[in-house]
Amino acid sequence: MLIPLAQFNIQRPERVTYDFPLPNPADLINHIKSKSLRSFLRNSDEVLAKNNIEWKYEDLTEQKFLEWLPYYKEKMEEHNYVVRAKEKWYQEQIKKGHILKGLFFYQNKKLIGSGIFVLHGNTANFAYKASDRISVSSMKGSSFGSIIEFLFLKLVAESGIYTTASSKSRNAFGFINTPGYLDNKLKFGYKICHSPGMPLLNDIQINESGIVLFFGLQNGKFILFCLQPESHRGKELFDKSRFNTSGIPFKEIYY
């Protein structure tokens with residue numbers, strides 16, 4: 001179902017950017033916003049060891065990238081996500097003079113998680129992530145994906161070259177991507193912004209749940225909206241408070 005946004009005087013950026021100013025690596029953990037996430041990540045090395053998970057951070061050769069693509073495709077299709085990484089992407093990045101790195105996680109020598117990074121100027125971009133959905137800890141705020149994210153921040157901070165870690169995503173949480181993805185970015189403390197030049201859309205798709213979160217522009221203000229059915233008005237059917245923590249105004253709208 002497609003919901004027009006003109007009735008709310010809203011335009012929706014197709015994608016949004018997440019920026020994390022990189023501190024001194026020794027102080028990185030203290031710059032993570034969520035207390036429970038900080039507690040979990042302080043023990044990330046022990047969590048990986050307990051789960052018999054090893055990782056490698058390496059230059060991303062074209063051969064390695066092509067070997068990784070089937071795993072990425074499998075994970076995207078498994079979760080009904082769009083398969084965005086293509087063979088030609090690697091050569092496009094090399095032609096731009098970018099440095100490419102890969103972070104790969106193995107459990108009993110089997111690939112179970114990965115991150116692909118593009119390094120240029122003073123910015124480290126998290127281009128692609130693909131991982132198995134596995135439980136690694138019973139601690140509050142724990143997730144395997146958070147460890148991948150944290151190691152990305154830690155490794156690029158330790159390089160001493162990059163001042164900002166960045167990534168982008170499609171802007172429809174609950175349809176294209178998950179509310180959990182946005183929740184994770186907020187817990188880390190990423191600064192979320194509208195990317196200049198990004199197309200502005202006048203509608204949004206919803207799925208069978210009828211609820212979607214997205215960042216939109218309304219009267220020149222960048223706002224996080226929660227769009228939901230009129231029948232939800234006045235009801236607390238899920239915990240919205242976790243999305244009201246970014247410093248960006250949060251607003252519920254109904255159709």
Side-chain angles (χ1 to χ4, degrees), residues 1-19 33-37 75-84 126 128-135 140-146 149 167-255:
M1 183 176 176
L2 199 63
I3 305 295
L5 295 175
Q7 60 185 309
F8 306 108
N9 187 29
I10 296 170
Q11 288 187 301
R12 175 174 64 93
E14 184 178 44
R15 297 171 70 81
V16 289
T17 297
Y18 310 88
D19 286 337
K33 190 169 186 178
S34 165
K35 182 179 178 180
S36 60
L37 184 58
K75 293 299 135 185
M76 295 303 102
E77 291 177 346
E78 186 178 302
H79 306 307
N80 296 314
Y81 296 160
V82 175
V83 178
R84 295 182 54 244
F126 201 135
Y128 299 111
K129 179 195 286 186
S131 64
D132 292 10
R133 285 188 174 173
I134 60 173
S135 175
K140 183 179 178 181
S142 65
S143 76
F144 182 38
S146 293
E149 189 95 18
S167 59
K168 289 183 173 64
S169 81
R170 300 285 292 277
N171 180 23
F173 307 94
F175 177 71
I176 294 173
N177 36 28
T178 67
Y181 179 92
L182 174 58
D183 187 31
N184 190 58
K185 292 294 186 183
L186 294 174
K187 285 179 178 176
F188 266 93
Y190 278 89
K191 178 184 177 183
I192 306 173
C193 58
H194 168 219
S195 305
M198 191 58 60
L200 296 174
L201 308 179
N202 296 309
D203 51 36
I204 191 164
Q205 192 83 17
I206 59 171
N207 59 20
E208 61 277 0
S209 73
I211 300 172
V212 66
L213 292 105
F214 67 95
F215 293 92
L217 296 169
Q218 186 182 62
N219 299 322
K221 293 184 178 180
F222 190 63
I223 298 171
L224 175 58
F225 292 97
C226 178
L227 177 66
Q228 50 200 307
E230 183 65 41
S231 59
H232 285 195
R233 191 184 292 271
K235 300 178 180 178
E236 284 294 328
L237 300 180
F238 69 104
D239 180 14
K240 305 183 189 76
S241 63
R242 59 188 174 138
F243 301 108
N244 196 14
T245 59
S246 65
I248 296 171
F250 177 77
K251 187 174 182 179
E252 297 180 58
I253 53 177
Y254 302 88
Y255 61 93

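- Note on ring orientation: taking the six-membered ring where Trp is involved, the planes of F173 and Y181 are parallel (angle under 30°, cut-offs 30° and 60°).
- Closest approach of G216 to P13, counting heavy atoms only: CA-CD, 4.0 Å.
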Name the atoms and distances for all side-chain donor-acceptor pairs under 3.5 Å in residues 190-197, with sequence neighbours left out.
from: Y190; atom 1: OH; to: E149; atom 2: OE2; distance (Å): 2.5
from: S195; atom 1: OG; to: T17; atom 2: OG1; distance (Å): 2.2

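- In this structure, the side chains of F222 and V16 come closer than 4.5 Å at one or more pairs of heavy atoms.
- Here CD1 of I176 is found 11.5 Å from OH of Y81. Values are rounded to the nearest 0.5 Å.
- The distance from the CD1 atom of I10 to the CD1 atom of I3 is 12.0 Å, given to the nearest 0.5 Å.
- For the residue pair I211 and P229, the shortest heavy atom distance occurs at CG1-CD, 4.4 Å.
- Remark: F243 pairs with no residue by the ring pair (Phe, Tyr, Trp, His ring centres under 6.0 Å) rule, at least two apart or across chains.
- Heavy atoms only, all atoms of each residue included: C226 and Q228 are closest at SG-NE2, 3.4 Å.
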- Message: Under the criterion side chain to side chain donor-acceptor pair (under 3.5 Å), I'd like the reasoning laid out for S167 against K185: C-alpha separation, chi angles, the key distance, then a yes or no.
- Response: CA-CA 10 Å; S167 59; K185 292 294 186 183; 3.1 Å; yes

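- Looking only at distances, no side-chain donor or acceptor of R170 sits under 3.5 Å from a matching main-chain atom of N177.
- Rounding to the nearest 0.5 angstrom, the gap separating the CD atom in E14 from the CG atom in L201 is 5.5 Å.
- For the atom pair I204 CD1 and N171 CG, the distance stands at 6.5 Å (nearest 0.5 Å).
- Among pairs with a residue in residues 241-254, those fulfilling salt bridge (Lys or Arg N to Asp or Glu O under 4.0 Å) read D183-R242, K240-E252, at least two apart in sequence or across chains.
- When all heavy atoms are compared, the tightest approach of H79 to K75 is CD2-O, 3.1 Å.
- The CD1 atom of I248 sits 7.0 Å away from the CG atom of L224 when rounded to the nearest 0.5 Å.
- Considering only heavy atoms from C-beta on, L186 stays 4.5 Å or farther from K33 through its side chain.
- Two residues are said to be in side-chain contact when any heavy atoms from C-beta on lie closer than 4.5 Å; N202 and Q11 meet this criterion.
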- Item | Derivation of the side chain to side chain contact (heavy atoms under 4.5 Å, CB included) call for I206 and Y255 | CA-CA 11 Å; I206 59 171; Y255 61 93; 3.0 Å; yes

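- Side-chain atoms of V82 and M76, non-hydrogen and from C-beta on, never get closer than 4.5 Å to each other.
- The two atoms that bring H232 and Y254 nearest to each other are C-CE2, 4.0 Å, heavy atoms only.
- Side-chain atoms of Q205 do not come within 3.5 Å of backbone N or O of F175 as any donor-acceptor pair.
- Across all non-hydrogen atoms, the minimal contact from Y18 to S169 is OH-OG, 2.6 Å.
- Here the CG-CZ distance, from L217 to R12, works out to 11.5 Å after rounding to the nearest 0.5 Å.
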